[in-house]
Amino acid sequence: PVHLQLWRQLNDGVPANFSFRQREHDLLNFISQEEECSISQVCRKAGVTRREACDLLARFVRWGLLAMRYNGSQFVYRLI
């Protein structure tokens with residue numbers, strides 16, 4: 001899950017910056033079109049693996065681009 005990946009990135013010293021490629025741009029475009037989205041929706045619509053989605057969403061949360069909240073059954077993400 002993204003919250004664990006975010007914690008790992010912070011504790012493992014993963015640099016906060018990295019190159020912004022087309023994949024990241026496409027993912028943010030998809031998220032911007034949705035009010036909120038789950039990891040499963042991101043994987044299906046963006047065509048990325050769950051692991052890639054978790055890593056990217058964690059980076060976006062870390063950079064302050066996305067908000068993450070628990071809706072009672074799963075974490076959902078929205079553009080800030």
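Counting heavy atoms from C-beta outward, F60 and L27 have side chains that approach closer than 4.5 Å. Side chains of H25 and N29 form a contact here, defined as non-hydrogen atoms less than 4.5 Å apart.
Side-chain atoms of E34 never come within 3.5 Å of backbone atoms of I31 as a donor-acceptor pair (strictly under, hydrogens ignored). In this structure, the side chain of Q41 engages the main chain of S38 through a donor-acceptor pair within 3.5 Å.
Partners of Q22 by side chain to side chain donor-acceptor pair (under 3.5 Å), not counting sequence neighbours, listed by chain and number: D26. Residues passing the side chain to side chain contact (heavy atoms under 4.5 Å, CB included) test with E36, sequence neighbours excluded: R69, V76, R78. In this structure, S32 has no side chain to side chain donor-acceptor pair (under 3.5 Å) partners at least two apart in sequence or on a different chain. R50 pairs by the side chain to side chain contact (heavy atoms under 4.5 Å, CB included) definition with I39, S40, C43, C54, not counting sequence neighbours. Partners of T49 under the side chain to side chain contact (heavy atoms under 4.5 Å, CB included) rule, at least two apart in sequence or in another chain, are R51, E52.
The 12-atom threshold is exceeded at CD of Q74, counting heavy atoms of other residues, nucleotides or ligands nearer than 6.0 Å.
The distance from the CG atom of L66 to the OH atom of Y77 is 9.0 Å, given to the nearest 0.5 Å.
Under the 4.5 Å side-chain heavy-atom criterion for ILVMFWY residues, no single connected hydrophobic cluster contains both I80 and V42.
Closest of all the heavy-atom pairs between L79 and L65 is CD1-O, 3.5 Å.
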